[in-house]
Every structure is written in structure tokens, then in C-alpha cells.
2 protein chains.
Amino acid sequence: MKMSEGVEWTAHACALLAALPPGLGLPANALAEFHSLAPAYMAKHMQALARAGVVESLRGAAGGYRLARPSADISLWDIVEAIEGEEPAFRCSEIRQQGPCVTPNSDFRRPCEIHAAFGKAEMAWRTHLKSVSLADVATEVARKSSPQKRAAITVWLQEKIR
Amino acid sequence: MKMSEGVEWTAHACALLAALPPGLGLPANALAEFHSLAPAYMAKHMQALARAGVVESLRGAAGGYRLARPSADISLWDIVEAIEGEEPAFRCSEIRQQGPCVTPNSDFRRPCEIHAAFGKAEMAWRTHLKSVSLADVATEVARKSSPQKRAAITVWLQEKIR
DNA sequence: GATATCGTACTCGGATATACATTGTCCGAGTGGTGACGG
DNA sequence: CCGTCACCACTCGGACAATGTATATCCGAGTACGATATC
């Protein structure tokens with residue numbers, strides 16, 4: 001059970017967007033270049049985020065991606081949901097309703113115990129991810145980076161920002 | 001991000017084993033038949049559980065699988081770990097250390113913020129799964145099933161049990 | 001000189017190949033039970 | 001009648017094929033800017 005690496009890519013990309021002045025954005029090319037990632041593949045993942053309404057896309061010469069709402073209102077779960085989809089990792093196929101010992105009067109209205117346990121566990125996981133916003137991530141990343149690095153980023157942004 | 005269906009199969013199979021008198025087991029064939037599942041594929045998954053030490057395998061004419069320890073000491077996480085492996089779903093490849101803005105004096109001893117957030121969320125998920133034992137599941141399943149069904153299971157077990 | 005139009009450069013979006021992991025199946029290795037044989 | 005041996009049926013274990021999903025790339029659609037021609 002492994003998560004798509006697209007989640008990591010877009011999470012870092014969105015953290016970068018969150019560090020920008022509000023309303024501004026970057027093209028997918030720049031987002032990929034910032035972490036030395038494959039540009040075309042990054043673009044594909046950003047499309048998924050645009051479809052999910054996490055970011056807004058703007059076509060044309062000065063186009064690119066920007067956050068669709070304030071960074072404090074976007075959680076890591078929003079990104080996971082956009083890339084991976086909302087359906088749970090554990091999918092109950094109700095195999096308890098199959099087999100030689102299933103009697104006709106069996107009552108399956110009560111939820112499957114195993115299904116319920118996995119559902120609760122996954123809910124806890126989502127809750128944690130929902131509690132972390134892009135603003136949290138961006139400020140923490142900025143706080144930890146050296147002045148030299150912040151200056152380098154500022155210079156790099158000069159010619160990329162929209 | 002989806003979990004192998006083998007987890008569902010083996011979880012139900014282990015719940016059945018947990019309902020048996022202690023020390024007794026069933027062959028993979030019977031475990032598959034009980035839920036109308038593909039016998040060969042069920043056998044493959046049970047092998048993984050045997051390698052992980054969740055169940056013990058006994059070859060030969062009267063062989064089969066039985067729980068390696070009391071059902072109260074086996075959690076759903078043990079099963080997930082056996083089938084899916086122990087590595088986390090979110091794998092941090094440290095892309096923050098790549099790119100044009102990484103200065104030579106950058107300090108990456110502090111953990112990646114995004115990595116940390118996903119790690120904590122996943123830990124909560126595991127904790128939930130570790131808190132549910134096979135004994136819990138088995139007793140709850142038994143409590144909810146009708147007397148007719150329990151009788152049918154008893155009859156079916158007569159000729160399968162080891 | 002101002003304005004409208006055309007061309008161009010740049011960006012997103014989806015369709016299309018490729019690689020890899022999961023799913024599914026089969027046959028060989030090993031083991032206990034059973035029957036036959038000999039004492 | 002009892003003990004021993006060989007055979008057989010049954011089970012696990014790992015190797016092998018098929019399928020599906022994630023990964024990776026490319027080309028077409030759309031848009032804004034700038035140059036050019038015209039009034």
C-alpha cells in the first residue's frame with residue numbers, strides 16, 4: 001500500500017505557492033524546476049489539483065497555477081484527495097456474505113466488524129492530515145531555512161513569478 | 001492508494017481461525033471455501049502471514065494453518081504488516097534537497113515538514129489498527145450472528161477442522 | 001500618431017506509450033496416514 | 001497378532017504468467033503580448 005509520489009511533488013509545489021504573495025502563481029515548468037523534477041509529469045499532477053479545485057489554472061503566455069483559496073484553508077488531505085481520490089484504502093467487498101455457511105436469514109445490516117475497524121483507523125489518519133494546512137507548512141519551512149537560502153529563492157522567483 | 005484485497009481475505013480468515021478452539025487450524029483450501037474465494041490465491045496470502053509469524057503452517061496430510069499465538073495477541077495491524085509490508089505509504093524522497101535554490105550551507109538535519117506530518121498521521125492509523133485484536137473481532141462477529149448460522153458453521157467445521 | 005489586426009511565444013489539457021506492481025495460477029517439495037507384508 | 005516398511009493422498013511453498021495501475025511523455029487547444037499595417 002503505497003501512496004503516489006505525485007502527492008509528495010504537489011505538496012512541496014503547493015508549499016512553494018503558499019510562500020508566494022497572495023494571488024500570484026507559477027507555471028508548472030517552474031514548479032518542477034524548483035525541485036528538479038520532470039516538468040511534464042509535474043504538469044499532469046497539477047492538472048489533478050486544478051480539477052479538484054485546490055489550485056486555479058490560467059492559460060496563456062503569462063499563465064500558470066496559483067492557490068484557489070488562502071493557504072490556511074488548504075490542508076494536506078485536500079492534496080491527497082486530489083491526487084489519490086477520496087475512496088478509502090481498505091475496500092470492503094463484503095465477502096462475509098459469501099460462502100457455504102451463509103444462512104438465508106442472515107442479517108447483514110450491521111456493519112462488518114473488520115470494515116468498521118479499518119474505517120475508524122482511516123478516519124483518524126484523515127483527521128490528522130486535515131489538521132495541517134499549507135500555511136502551517138510554509139511558515140515552518142521558511143522559519144527553518146537560512147537567510148542565504150531565502151535570498152536565493154527570492155532571486156530565483158524574480159524571473160518566474162506571475 | 002489502495003490496500004491489497006489480500007488484507008481483507010486474510011483478516012476474515014484469521015477471524016475464523018480465532019473462533020476455533022485454541023491450537024486447531026484449517027487448510028488454506030477450507031479458509032478460501034468458507035468465503036468462496038480463489039483457493040490458490042488465498043494460499044499465497046496465508047504464506048505471507050506464515051512468513052511474518054502471524055500463523056503457523058503445518059504441512060502434510062492433516063496440515064493447515066493455525067494462529068501462532070492467542071487471538072488476543074494478534075492485531076489487525078499484524079495482518080496488514082504481513083501482507084503489505086511495514087514501510088509507510090508516504091515515502092519521502094527528500095526532494096527539498098534538490099533544485100537551483102539549495103544553498104551549500106543548507107541544513108537538512110531538521111526533518112521535512114511534510115514528511116513529519118504524514119508520518120504522524122500514519123502513526124495514528126497504525127495505533128488504531130494495533131488496538132483491535134482478532135479476539136475482539138471474533139467475539140463481536142459471533143455475538144451478531146444468528147443461532148442458525150452458528151449451527152451451520154459448526155456442522156461445516158466438523159469435516160474440515162484439524 | 002493612434003488603433004485594429006495578425007502572428008508568435010508560451011501555457012494548460014488530455015490522449016497516448018511504457019514500466020512496474022499486483023493479481024492469479026500452477027507444479028514441485030514435504031509430511032503424515034494407511035495398508036501391506038513379514039516376523 | 002504386532003511391528004516395520006513402502007506407498008499414497010494431502011498440504012504448503014515458491015516459481016511463473018496475466019492483468020491492471022501508476023509513471024512518463026508528447027502534441028494539440030487556448031490565451032496574452034507584441035509587432036505590423038492601416039486609417
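Throughout, protein chains are lettered first and strands after them, A, B, ... in sequence-line order, and every chain is numbered starting at 1. Fair warning: this is a prediction, and the values are worked out from it, not measured in the lab. All values below come from the heavy atoms of this structure, side chains included, with hydrogens, waters and symmetry mates left out.
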Give one of base, sugar-phosphate or nothing for [X], where a contact means two heavy atoms less than 4.0 Å apart.
X     : result
B/G64 : sugar-phosphate
A/K44 : base
A/A28 : sugar-phosphate

Results of salt bridge (Lys or Arg N to Asp or Glu O under 4.0 Å) for B/K160 - residues two or more places apart only: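 So B/K160 forms a salt bridge (Lys or Arg N to Asp or Glu O under 4.0 Å) with B/E33.
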Salt bridge (Lys or Arg N to Asp or Glu O under 4.0 Å) against A/D78, all qualifying residues, sequence neighbours excluded: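 Testing A/D78 for salt bridge (Lys or Arg N to Asp or Glu O under 4.0 Å), a comparison that skips the adjacent residues, returns A/R69.
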Under the side-chain hydrogen bond (donor to acceptor under 3.5 Å, both in side chains) test, residues paired with A/S133 that sit two or more places apart: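 If we apply the side-chain hydrogen bond (donor to acceptor under 3.5 Å, both in side chains) test to A/S133, skipping adjacent residues, the hits are A/D136.
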By side-chain hydrogen bond (donor to acceptor under 3.5 Å, both in side chains) - contacts of A/S145 (at least two apart):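 Result, side-chain hydrogen bond (donor to acceptor under 3.5 Å, both in side chains) vs A/S145: none returned.
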[atom1] of [X] versus [atom2] of [N]: gap in Å, rounded?
X     : N      : atom1 : atom2 : answer
B/Q47 : C/dT25 : CD    : P     : 15 Å
A/L31 : C/dT11 : CG    : P     : 11 Å
A/N29 : C/dT11 : CG    : C1'   : 9 Å
A/R91 : C/dT23 : CZ    : C1'   : 12 Å
B/L37 : C/dT23 : CG    : P     : 13 Å

Short heteroatom pairs, N/O only, protein and nucleotides 30-35 of chain C, under 3.5 Å:
{"unit_1": "C/dG30", "atom_1": "O4'", "unit_2": "B/R59", "atom_2": "NH2", "d": "3.4"}

Covered region of DNA chain D, 5' end to 3' end, by chain B [heavy atoms, under 4.0 Å]: D/dC10 to D/dT21
In residues 108-116 of chain B, what donor-acceptor pairs under 3.5 Å come from side-chain atoms, sequence neighbours left out?
{"unit_1": "B/R109", "atom_1": "NE", "unit_2": "B/D107", "atom_2": "OD1", "d": "3.0"}
{"unit_1": "B/R109", "atom_1": "NH2", "unit_2": "B/D107", "atom_2": "OD2", "d": "3.2"}

Other residues, nucleotides, ligands: >12 heavy atoms within 6.0 Å of A/K120 NZ: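 No, NZ of A/K120 has 12 or fewer neighbouring heavy atoms, counting only those of other groups under 6.0 Å.
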DNA chain D: 5'-proximal contact among A/A43 and A/S4 (nearest heavy atom): A/S4
Pairs where residues 13-39 of chain A contributes a residue and the test ring-ring contact (aromatic ring centres under 6.0 Å, His included) is met, not counting sequence neighbours: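 ring-ring contact (aromatic ring centres under 6.0 Å, His included) check on residues 13-39 of chain A returns A/H12-A/H35, A/F34-A/W156.
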Presence of A/R51 side-chain N/O under 4.0 Å of C/dG14 phosphate oxygens OP1/OP2: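 For C/dG14, OP1/OP2 do have a side-chain N/O of A/R51 under 4.0 Å.
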Any A/S57 side-chain nitrogen or oxygen under 4.0 Å from OP1 or OP2 of C/dT11: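 So the side chain of A/S57 is outside the cut-off, no N or O lying under 4.0 Å from OP1 or OP2 of C/dT11.
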Under 3.5 Å donor-acceptor pairs involving side-chain atoms of residues 57-68 of chain B, not counting sequence neighbours:
{"unit_1": "B/R66", "atom_1": "NE", "unit_2": "B/E56", "atom_2": "OE1", "d": "3.0"}
{"unit_1": "B/R66", "atom_1": "NH1", "unit_2": "B/G23", "atom_2": "O", "d": "3.2"}
{"unit_1": "B/R66", "atom_1": "NH2", "unit_2": "B/E56", "atom_2": "OE1", "d": "3.3"}

Difference in axis direction between the ends of the helix from C/dG1-D/dC39 to C/dG39-D/dC1, five pairs, 10°: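 About 0° separates the two local helix axes.
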Student check: side-chain heavy atoms of A/L49 and A/C14 closer than 4.5 Å: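 Yes, side chains in contact.
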Inter- and intrachain pairs under side-chain hydrogen bond (donor to acceptor under 3.5 Å, both in side chains), touching residues 88-104 of chain B, at least two apart: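 Of all non-adjacent pairs touching residues 88-104 of chain B, those that pass side-chain hydrogen bond (donor to acceptor under 3.5 Å, both in side chains) are A/E8-B/S93, B/E94-B/R96, B/E94-B/Q97, B/T103-B/N105, B/T103-B/S106.
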B/F118: partners by ring pair (Phe, Tyr, Trp, His ring centres under 6.0 Å), with sequence neighbours left out: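 Ring pair (Phe, Tyr, Trp, His ring centres under 6.0 Å) check on B/F118 returns B/F90.
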